[in-house]
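The basis for the numbers below is simple: all heavy atoms, side chains too, and nothing from hydrogens, waters or symmetry mates.
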Amino acid sequence: MIGVESMTETLQTVGIDIGTSTTSLILAELTITNTANTFTLPHIAISQKRLIYRSPVVFTPLLSASTIDEHGIQEFVTAQYEKAGVDKRHLKMGAVIMTGETARKNNADRVVHALSDAAGDFVCATVGPSLESVLAGKGADQALLQRAGSNDVINLDIGGGTSNLARFHDGQCVDTACFDIGGRLIRVDTAHHVTYIAPKIKNLIEETQLNIREGGQVTAETLRPLIRKMVTVLEASVGAIKAPRWVNDFVTDHALQPFHKRPLLTFSGGVADCLNDTLPDDAFPYGDIGLLLGQGIKQSRLFADFRVVPTTETIQATVVGAGSQSMMVSGSTITYDYEALPIKNVPVIAVEGNWQWEHCTAVATQQLRMLQESDTQQNVCWALNGITPSFEAVGNWCEWLITVARPLIDRRLPLIVMIKENVAQVMGNGLRSRLPRGYPIVCFDNVPAITGDYVDIGEPVASGRTLPVVVKTLVFQ
């Protein structure tokens, strides 16, 4: 470990956001440093994040209302790499985020996974409203979250298809929510004839008996009653008003849990660039209702009753979060076999250290059986949370793991273990002594996860002392 105290390494990472309305890409530079002092175990952390390239924001290429243009997306990414002078083989970390209505297209799963393979050796497909909410909030203004003090912050990331909310306390995300409210849920042509209405908006129009239909011509005035209803959903989402019963129809994931102290509000997403009191002569310059929704929000109780703080990022908040906030690094006292890496899209089975052994075994066995019902070669990552850091406790967990993971061990699938506490090297050594010689192991710590998450693990960085990790929730199962 000579010289570890001064170890510093710089890595390039990519973020790609394929949204309902727009697609963009950023490249960032992360500095990894040992933050421990000379007399303690190394602690490797990301000490600095710097954006080095931003792509233009382009409309997401589509072949039809239900199909993404896969080749168009790949051509865009390839062109941006060439402009930035980046070789994808040098990208050690990164994330492809597919969001909003685009994540529901017929070929969305194929596109996002194909792109993650084409964009770099460790670029992972990460989608899902909860993760999107967190990344957008952090990407909008990470510095604001850290200096907010005792004030909670709720970021509303309002895009073309959805509004993703994240509530932060002391800089950490404590809750998320997602609603089907966005600026492209109604689209119009140059003559202001409606060309598309999203299904949930159609239902709302019918229930409120508004004269808005596909093929019909609209004006800002004819749309304002509908915009007011859409804004009501957002007002209710942060507790500005009591939620009418119909608001539940727009909940995509779940609503925010009740909170008592009034938070600060921040806005990101494409609609955050439309928060104006007045409209231009043409209220539909982008062929959608984004400007109207932005005006409705600016004139709502979201601005009247809350302190709204500007952010450093708006339309590119999610992609900035994907490129600079989606990944973490593991602890530095870890155990791994290089040939087992990188690892992508491995489902997590989590157990808690305070459970009884019988309960741990029952939960793990049931989850493993479910995951292997359709694919007996499906590997898993065992997430152990709350382990007592003693040799006896770690030894007991080693024995337990080898017992419950026997179906995987018999197929010689790598044994992947993530631990919340800093005991990965001890556990890795304990597993090696109990497994056949040369059995592949990846054991790392300081990364929390829960059952239902997926994990991606990259090749070692920082002179082999740490692993880049992304914990994610996949919408494609």
Spacing of OG1 belonging to Thr318 relative to CD1 belonging to Ile97, to within rounding of 0.5 Å: 8.0 Å

Arg54/Glu313 ion pair, N-O < 4.0 Å: yes

Side chain to side chain, Val57 and Gln316, heavy atoms closer than 4.5 Å: yes

Main-chain N/O of Val348 paired to Asp453 side chain as donor or acceptor, under 3.5 Å: no

Student check: side-chain heavy atoms of Lys88 and Val14 closer than 4.5 Å: no

Non-hydrogen side-chain atoms of Leu115 and Ile18 separated by less than 4.5 Å: yes

Residue pairs fulfilling ring-ring contact (aromatic ring centres under 6.0 Å, His included) with at least one residue in residues 254-305, sequence neighbours excluded: His192-Phe284, Phe267-Phe303

Ile73 side chain reached by Asp69 side chain, heavy atoms, under 4.5 Å: no

Side chain Asp456, main chain Asn345, donor-acceptor under 3.5 Å: yes

Chi angles and distances behind the salt bridge (charged side-chain N to carboxylate O under 4.0 Å, His left out) call for Lys420, Glu352: CA-CA 10 Å; Lys420 191 174 182 181; Glu352 299 295 329; over 6 Å; no

Verdict with reasoning, Ile416 to Tyr336, per side chain to side chain contact (heavy atoms under 4.5 Å, CB included): CA-CA 9 Å; Ile416 308 167; Tyr336 61 86; over 6 Å; no

Under 3.5 Å donor-acceptor, Thr78 side chain and Gln74 backbone: yes

Nearest-0.5 Å distance, CG of residue Asp273 to CD1 of residue Ile158: 11.5 Å

OG-CZ distance between Ser24 and Phe76, expressed to the nearest 0.5 angstrom: 6.5 Å

Heavy-atom closest contact (Pro56 atom, Gln80 atom, distance): CD-OE1, 3.4 Å

Residue list, salt bridge (charged side-chain N to carboxylate O under 4.0 Å, His left out) with Lys298, at least two apart or on another chain: Asp277

Val86 vs Leu91 side-chain heavy atoms within contact, under 4.5 Å: yes

Those residues that, when tested against Asp305, pass salt bridge (charged side-chain N to carboxylate O under 4.0 Å, His left out) (two or more places apart): Arg301

Salt bridge (charged side-chain N to carboxylate O under 4.0 Å, His left out) partners for Glu82, two or more places apart: none

Side chain to side chain contact (heavy atoms under 4.5 Å, CB included) partner of Val309, chosen from Asn155, Val153, Leu144: Leu144

Stepwise side chain to side chain contact (heavy atoms under 4.5 Å, CB included) check, Ile186 with Leu223: CA-CA 10 Å; Ile186 294 183; Leu223 285 169; 4.2 Å; yes

From CG (Leu165) to CG (Leu156), nearest 0.5 Å: 4.0 Å

Exam field: side chain Thr102 to backbone Thr20, donor-acceptor pair closer than 3.5 Å: yes

Backbone of Lys200 reached by a side-chain donor or acceptor of Asn203 within 3.5 Å: no

Main-chain N/O of Gly19 paired with Thr60 side-chain donor or acceptor, under 3.5 Å: yes

Which atom of Cys381 lies closest to which atom of Val455, heavy atoms considered: CB-CG1, 3.7 Å

N/O donor-acceptor pair under 3.5 Å between Asp157 side chain and Gly269 backbone: yes

Any donor-acceptor N or O pair under 3.5 Å, side chains Asn107, Thr67: no

Donor-acceptor contact below 3.5 Å, side chain Tyr53 vs main chain Tyr81: no

Non-hydrogen atoms of Glu459 and Pro468 that approach each other most closely: O-CD, 3.1 Å

For Glu29, all residues meeting side chain to side chain donor-acceptor pair (under 3.5 Å), sequence neighbours excluded: Arg50

Shortest non-hydrogen contact between Leu292 and Ile227, atoms and distance: O-CG2, 3.6 Å

Any Thr232 side-chain heavy atom under 4.5 Å of Trp246 side chain: yes

Leu234/Ser300 under side chain to side chain contact (heavy atoms under 4.5 Å, CB included): CA gap, chis, key distance, verdict: CA-CA 10 Å; Leu234 299 177; Ser300 73; over 6 Å; no

Thr162 side-chain N/O to Asp180 backbone N/O, donor-acceptor pair under 3.5 Å: no

Atom pair NZ/CE of Lys105 and Met98 - distance to nearest 0.5 Å: 10.5 Å

Distance, nearest 0.5 Å, that separates CG of Leu293 from CG of Asp288: 9.5 Å

Exercise: identify the closest heavy-atom pair between Val319 and Gly15: CG2-O, 3.2 Å

Thr222 side chain reached by Asn211 side chain, heavy atoms, under 4.5 Å: no

Flag if over 12 foreign heavy atoms under 6.0 Å of CG, Asp87: yes

Qualifying ring-ring contact (aromatic ring centres under 6.0 Å, His included) pairs with a residue from residues 153-190, counting only residues at least two apart or across chains: none

Note, Arg167 side chain near Ile154 side chain (heavy atom, < 4.5 Å): yes

Derivation and outcome, side chain to side chain contact (heavy atoms under 4.5 Å, CB included), residues Thr195 and His193: CA-CA 6 Å; Thr195 60; His193 290 96; 5.6 Å; no

Minimum heavy-atom distance between Lys229 and Thr208, given as atom pair plus value: CE-CG2, 3.5 Å

Backbone of Glu132 reached by a side-chain donor or acceptor of Asn164 within 3.5 Å: no

